[in-house]
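Accompanying notes for the structure given below.
Every heavy atom of this structure was used, including side-chain atoms; hydrogens, water molecules and symmetry mates were not. Since the model is a prediction, treat every value here as computed from it, not as a measurement. Residue numbers start from 1 in every chain, and the chains themselves are labelled A, B, ... in the order their sequence lines are given, proteins ahead of strands.
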Amino acid sequence: MKMSQLLMPTLREAPAEAEIMSHNLMLRAGLIRKLAAGVYSFLPLGYRVIKKIENIVREEMDRKGAQELLLPALQPAELWQDSGRWNVYGKELMRLKDRHDRDFCLGPTHEEVITDLVRREVKSYKQLPLNLYQIQTKFRDEIRPRFGLMRGREFIMKDAYSFDYSREGLDESYEKMYEAYCNIFKRCGLVYRAVEADTGAIGGSDSHEFMVMAETGENEIVHCASCHYAANMEKAVCAAPQELDAASQEMLPLEEVKTPDIHTIEELSEFLNINVEQTIKTLLYQADDEVVAVLVRGDREVNEIKLKNMLGCIELYLAETEIVEKITNAAVGFAGPVNLSGVKVFADYEITNVINGIAGANKTDYHLKNVNFKRDFQVEAFCDLRLATVDDPCPHCGNPVAITRGIEVGHIFKLGTKYSEAMNATYLDENGKEKVCTMGCYGIGIGRTAAAAIEQNNDDKGIIWPMPIAPFHVVIVPIKANDREIMDIADNIYQSFSEKGIEAIIDDRKERPGVKFNDADLIGFPIRIVVGKKSVNEGKVEVKIRKSGEEWEEQLDQVIPKIISLVQADLEMK
RNA sequence: CGGGACAUAGCUCAGUUUGGUAGAGCGCUGCGUUCGGGACGCAGAGGUCGCAGGUUCAAAUCCUGUUGUCCCGACCA
C-alpha cells in the first residue's frame, strides 16, 4: 500500500468535540469521522483495525465450534411483540414504519430473530447444542451517546447465541465462550479482567463482563488482590457485618434536636459533633407504583441495582419532592424511619449496628438523636443494599479489595429459557418429549474494543497499536520520495515483507521527514523503517519500535528477517 | 428528560459586550528555495457567520423561534 493513495486525513489539532484520548486520537489519526451524534464512518485505516479485531473474534469463535451467520438488522415488530419486548424495550429501540404503515425496528440485539430461526429449523435434540454468531451493525437510540465509539447509536457488535438441551449443556457452552473471550482480548493485546456482572432485566443466573482496565471507563470494578474475586460495582456484594452485642451499649432515650439549615450528612455530623457512621440516611424510592423507604448509613450510598433486584420492580427512581413531603410531612432532607407510616422500610445490613443513631425526625428542621432499631422503628427486611467501598472486605476471602475503572468490551449471559419459552423454541428429546431450549448470549463491542485498545496504548505522540490489531505492521519511510535509489530500496523491502505476509505501507508522500515521522507516531504503526542516504551508500536502514522507542541501524539483509520474525512472534499471542 | 455550554473557512479559534465593507493560525492550490522530527518566500482558492422569522437606513453582532453538537446528571443487555 502506498500512503500517497490512501485516504488518511490526519489532524494536527485535536477536534473540539473529543473529550477522551481514544476519541481524540481516532479522529486525529484519520481512523473515523462523525456523521451524527453517536454515528461514525470508518475510514480505510480505521476499518482495517475493525477487520483485524473481527477476524480474531471469528477465529476464536470458530475454534469453540460456533458458526457464523448473518441476521437482518431490519426486524418486524411482530417478533418483538412475540417476545414481549416491543413495549418493554422503550425509547432505546429505533422504531420505524414501512410504506404500508407496518411497524419495524432496527435490531439493538438479536434474541428474537435468532430464537425465531431456531424454533423453525431445530426440531430434534440431535441438532443441539448449537452456537450461532454474527458480526453486524446494531442500533440503539442511546439517551446520551458519548466518547466517540465508546457509546454509539450505531455500532458493530459480535453477538452469539447458544442453544442447549440442558442446564449443564448451557454451563459448558458458557464456559467455552468465557475461554474464547479471554483468548480474544488477550490476542488483541489488552489488559482486561472478567468480572461478575448484574444480569439486569434479562434475568438468568450467571453473567460476566469483560473489562478493559482504563481510568476513562464508565464502570467501576471491585476486585480482590488475594483471590480471584472481581465484580462490577453494581454487583459487588457487601457482606453482612458481625452483629454487635446489643447489650454492650446502653440505649439512650430518644431526643429531638433542632437542625435548621442543615442539608447534608456532613453538615449534620459536624453540627452535632458525631461520626458520620452514627447517622441513618432515609431515602424514598418510587418502585413502579409503590413508594418504599431505604435506610443506609449516612456515609454509604444506595446501590440501586441491588434495590431493584431485591424489589423485583421494573422502574426505580428517587421519589418526587411532593411525594416525599406528603409521606414525611416535612421538607426533603428530614425523612427518618421513626413514625414513618404508609411505606415499607428496607434497611441495609449495617443499620443493625447503629446504636443511638441520628435520623431525620419527619419534621422540618428537626432530627432525632439516639434512634435504635426495634425500640424506635421496625423494618420489612435487612438486606445488602449499598455500594461497596474500598474498606469492604472481599466477600470471598475477607482480604482488602481495590476499586478501579474499566471499559466493558464484552458481556456473557446465561439466559436460561426466558426467550425460548416466550417464543416457544422447543425440540423433541430422546423420548419424543417436547422440551424448551436453554439459551446463552454473548456479546462483544468491536468498535469499543478498538477504542479501549487506544485508551490503554497511547502516549503524547499518538496511538501505539498492539501488533495483532495494527492497521499495518510496518511503515516504510523513504526519506526522499523523489530519490529513485531510495525509493527502489523501499520498494524492495516492501516486496520482501509482502512475500512473508507482513503488512507494510510505504510513506511515498512528498512530505518532509518530520511530517512523516509525526504521522507514523500518531497513527501508531508498531514498526518503522527509515530508508535514507545511508541505505544507498552502506545498505543500512534505521528501525524504530513504536512501543519501546527502541531504535537501531542495521544492514538490510539482516534486518528484514529479524523484523519478519518479530512481527510473527507478536502475532502469535494465541 | 433536568442542568450547563457551544454553533463564524476543511481544522483550531478571534470578532458579538458597544450593530457599520468577515479575520488569524494551520490545512488546501500554483511557482520557487528547502529537505532526517510538523520549513520558508511569493501568488491564490475557500465562509449567504447552523436555519427561519423579526427589529433597524444597516445584523455574525440585538430579539423570538428552531435545529444540531458537546459536557454533567438521570437513563442503559
Answer with base, sugar-phosphate or nothing: what part of the nucleic acid does [X] contact at a heavy-atom distance below 4.0 Å?
X: A197(A); answer: nothing
X: V530(A); answer: base
X: K534(A); answer: nothing
X: R140(A); answer: sugar-phosphate
X: F147(A); answer: sugar-phosphate
X: E19(A); answer: sugar-phosphate
X: R33(A); answer: nothing
X: K34(A); answer: sugar-phosphate
X: E304(A); answer: sugar-phosphate

Carboxylate-amine/guanidinium proximity below 4.0 Å for [X] and [Y]:
X: R58(A); Y: E68(A); value: yes
X: K480(A); Y: D508(A); value: no
X: K235(A); Y: E209(A); value: no
X: K281(A); Y: D299(A); value: no
X: K91(A); Y: D141(A); value: no

Take atom [atom1] of [X] and atom [atom2] of [N], then tell me their distance rounded to the nearest Å.
X: L27(A); N: G10(B); atom1: CG; atom2: P; result: 17 Å
X: E17(A); N: A5(B); atom1: CD; atom2: C1'; result: 15 Å
X: Q286(A); N: C75(B); atom1: CD; atom2: C1'; result: 16 Å
X: L7(A); N: G27(B); atom1: CG; atom2: P; result: 18 Å
X: Y317(A); N: C1(B); atom1: OH; atom2: C1'; result: 12 Å
X: L522(A); N: C26(B); atom1: CG; atom2: P; result: 19 Å
X: M150(A); N: C71(B); atom1: CE; atom2: C1'; result: 17 Å
X: K480(A); N: U34(B); atom1: NZ; atom2: P; result: 10 Å

- Message: Closest approach to the side chain of I143(A), judged atom by atom: which nucleotide of C75(B), U34(B), G37(B) is it?
- Response: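 In terms of side-chain proximity for I143(A), the closest of C75(B), U34(B), G37(B) is C75(B).
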
- Task: Compare the minimum distances between each of C70(B), U34(B), G25(B) and the side chain of A37(A), then state the nucleotide with the smallest one.
- Result: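 Ranking C70(B), U34(B), G25(B) by closest atom to the A37(A) side chain puts C70(B) first.
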
Looking at [N], I'd like to know if its phosphate oxygens (OP1 or OP2) sit under 4.0 Å from a side-chain N or O belonging to [X].
X: R144(A); N: C71(B); value: yes
X: R146(A); N: C72(B); value: yes
X: R12(A); N: C26(B); value: no
X: K308(A); N: C76(B); value: yes

- Query: Does E13(A) make a side-chain donor-acceptor contact with the base of G10(B), cut-off 3.5 Å?
  - Reply: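 Checked by distance alone, the answer is no.
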
- Message: Taking the C1' atom in each of G2(B) and G15(B), what is the distance between them to the nearest angstrom?
- Response: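 Looking at atom C1' only, G2(B) and G15(B) are 33 Å apart.
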
- Looking only at side chains, do S22(A) and E455(A) share a donor and an acceptor under 3.5 Å apart?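 Their side chains do contain a donor-acceptor pair, which is all the 3.5 Å distance test asks for.
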
- Residue whose nearest RNA chain B nucleotide is more 5′ - V531(A) or H110(A):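 Looking at RNA chain B, the more 5' nearest nucleotide goes with V531(A).
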
Partner nucleotide, any strand, of [N] [Watson-Crick/G-U, under 3.5 Å]:
N: A5(B); result: U69(B)
N: A43(B); result: U29(B)
N: U48(B); result: none
N: C62(B); result: G54(B)

- Query: If you look at every heavy atom in F497(A) and I476(A), which pair is closest and at what distance?
  - Reply: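 That closest heavy-atom pairing would be CD1-CD1, 4.2 Å.
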
